[in-house]
Amino acid sequence: MTPRETTSGGPGRARPSLVARLLAAHSLVVVTGALTTWLVAAILAPSVFRDHLARSGSVSTPAQTRHVEEAFASALLISLAVALPIAVAAGLVVSAYVSRRLQRAITPVTAAAAEIGAGRYRSRVPDPALGGEFTTLAAAVNALAERLETVETNRRRMLADLAHEMRTPLATIEAHLEAVEDGIRQLDDQTVGVLRGSTRRLARLAEDVVALSRAQEALDVEPRPVQGGAIARAAVQAAAGHYADKGVRLDVAAEDEDLVLADSERIGQVLTNLLDNALRHTVSSGSVRVTCRRRGTGMEFVVADTGEGIAGADLGHVFDRFYRVDSARDRTRGGSGIGLTIAQALVEAHGGEITAASGGPGRGSTFTVWLPGAG
């Protein structure tokens with residue numbers, strides 16, 4: 001049996017465990033059935049036997065009748081005295097077995113729930129093999145533990161990443177302020193520019209973290225039938241000024257009549273992140289091309305650049321939070337390493353898929369977003 005549990009009724013008051021109560025209930029049913037059988041047999045059997053004896057006419061004298069009735073009563077008594085205890089014992093054994101099986105099935109679930117409540121999310125519940133309901137319960141508890149473990153892992157990783165990302169701009173600010181205080185540097189335009197650049201980087205980092213949190217929680221994503229080409233053209237138009245300033249050619253090829261199931265604002269954010277990423281990694285006189293076309297049952301947006309490309313070792317990590325192909329170079333260009341992670345979260349919230357491809361360093365990169373069609 002499991003330990004007794006204290007209720008909220010006050011100190012010293014306890015109630016039996018579920019298994020104990022279940023066994024007591026089964027025992028009560030078995031004993032009640034046995035007593036009912038005994039009473040029914042004792043009341044009805046003699047009269048029924050006497051009636052059949054009278055109809056048969058095989059007994060002629062009262063003494064013979066009494067003797068036969070006493071023999072029947074004695075046989076009935078002996079039979080019930082032997083059969084009922086055996087039946088009760090068998091019923092109790094079966095009840096005890098079922099109760100213990102239930103105990104072995106419930107105990108891991110309660111233990112796992114306690115472990116999860118204590119923050120130990122690696123606890124898992126084995127399949128108790130007691131039927132579909134218990135299998136579903138175990139699977140639900142395991143899924144809950146996995147989800148909480150993922151959330152906790154992401155939370156810790158986010159905090160560690162934030163500490164790492166904030167360290168560089170904060171160190172720059174601190175070093176320049178100390179240099180100004182010590183008279184090594186003057187608070188001139190160059191120093192102010194460095195300080196403002198570091199503070200802007202911290203501000204961008206905070207904005208990106210908020211955007212990432214919302215994207216991964218799938219907030220404010222309302223897919224509806226929209227023209228994929230219109231989304232692509234709007235994103236290109238918004239980015240055209242930055243591309244012109246750097247001298248990078250930006251082209252778009254899209255058909256407006258095809259519909260895609262998407263939140264136009266959020267997918268516009270995805271394309272903006274991809275275009276910003278392409279611009280950072282494409283030198284002047286390079287080019288970026290955005291294509292919107294139907295593929296299978298959905299539509300794909302392709303952002304292809306002629307820029308630096310991605311090495312094979314880095315290709316599988318480009319969507320990881322805060323990951324940079326070249327950390328030192330990206331810091332100088334202001335990338336926080338979150339834009340592609342946000343894009344992936346938003347695309348997956350739409351039930352779509354985003355992939356990256358590259359022929360290697362110096363051979364450009366291609367990012368493809370696939371979204372379900374609208375019909």
Side-chain angles (χ1 to χ4, degrees), residues 165 168-169 172 188-205 207-208 211 229-254 267-293 300-344 347 354-369:
E165 289 299 313
T168 297
T172 300
D188 51 19
D189 292 342
Q190 182 181 1
T191 302
V192 172
V194 172
L195 294 176
R196 288 191 180 278
S198 295
T199 56
R200 282 196 298 267
R201 174 163 175 72
L202 289 173
R204 281 197 302 270
L205 180 61
E207 293 173 358
D208 285 345
I231 299 176
R233 293 181 186 278
V236 168
Q237 183 178 4
H242 297 293
Y243 274 75
D245 292 340
K246 190 175 179 180
V248 176
R249 190 175 74 254
L250 179 59
D251 300 320
V252 59
I267 296 304
Q269 182 182 355
V270 170
L271 295 180
T272 297
N273 287 347
L274 294 180
L275 288 171
D276 288 345
N277 180 74
L279 181 61
R280 281 198 304 271
H281 294 281
T282 303
V283 299
S284 299
S285 74
S287 65
V288 175
R289 183 175 181 82
V290 178
T291 305
C292 177
R293 60 197 178 202
E300 67 178 10
F301 300 84
V302 181
V303 178
D305 63 64
T306 60
E308 300 163 356
I310 306 173
D314 296 315
L315 197 57
H317 300 283
V318 294
F319 297 108
D320 293 349
R321 185 188 297 116
F322 295 111
Y323 186 84
R324 291 188 183 91
V325 174
D326 186 332
S327 299
R329 184 171 63 235
D330 270 3
R331 282 193 177 94
T332 64
R333 291 185 298 210
S336 65
I338 299 182
L340 293 180
T341 308
I342 295 174
Q344 182 185 50
V347 170
I354 183 171
T355 58
S358 175
R363 304 182 64 179
S365 304
T366 301
F367 287 85
T368 303
V369 174

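We count residues from 1, following the sequence as given.
- Here the closest non-hydrogen pair linking Val288 and Ala278 is CG2-CB, 3.9 Å.
- Interatomic distance, Gln269 CD to Ile231 CD1, rounded to the nearest 0.5 Å: 12.5 Å.
- Heavy-atom minimum distance, Ser284 versus Val248: CA-CG2, 4.3 Å.
- Remark: side-chain polar atoms of Arg233 are paired, donor with acceptor, to backbone N or O of Ala254 under 3.5 angstrom.
- The CG atom of Asp189 sits 10.0 Å away from the CZ atom of Arg196 when rounded to the nearest 0.5 Å.
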- Message: Please determine whether side chain to side chain contact (heavy atoms under 4.5 Å, CB included) holds for the pair Leu340 and Leu274, giving the CA-CA distance in whole Å, both sets of side-chain angles, and the decisive distance to 0.1 Å.
- Response: CA-CA 7 Å; Leu340 293 180; Leu274 294 180; 3.6 Å; yes
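- Remark: the backbone N or O of Asp305 is not paired with any side-chain donor or acceptor of Thr282 at under 3.5 angstrom.
- Atoms CD and CZ, on Gln344 and Phe367 in that order, are 11.0 Å from each other to the nearest 0.5 Å.
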- Step-by-step side chain to side chain contact (heavy atoms under 4.5 Å, CB included) determination, Ile310 to His281: CA-CA 10 Å; Ile310 306 173; His281 294 281; over 6 Å; no
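- Note that CZ of Arg363 and CD of Glu308 are 15.5 Å apart. Values are rounded to the nearest 0.5 Å.
- Atom CG in Leu250 sits 11.5 Å away from atom NE2 in His242 (nearest 0.5 Å).
- Judged by distance alone, the side chain of Lys246 and the main-chain N or O of Val283 form no donor-acceptor pair under 3.5 Å.
- Between Ser198 and Thr172, the shortest heavy-atom contact is OG-CG2, 3.5 Å.
- You'll find the side chain of Leu271 reaches within 4.5 Å of the side chain of Phe301, heavy atoms only.
- Looking at every heavy atom in both residues, Thr366 comes nearest to Ala304 through OG1-CB, 3.7 Å.
- A side chain to side chain contact (heavy atoms under 4.5 Å, CB included) with Val303 is found for one member of Asn277, Leu275, Val369 and no other, namely Leu275.
- Listed here is the closest heavy atom pair of Pro169 and Leu202: CG-CD2, 3.5 Å.
- Remark: the backbone N or O of Gly364 is paired with a side-chain donor or acceptor of Ser358 at under 3.5 angstrom.
- In this structure, CZ on Phe319 lies 8.5 Å from OG1 on Thr341, to the nearest 0.5 angstrom.
- Side chains of Thr272 and Asp276 form a contact here, defined as non-hydrogen atoms less than 4.5 Å apart.
- Closest of all the heavy-atom pairs between Ala343 and Ile354 is CB-CD1, 4.2 Å.
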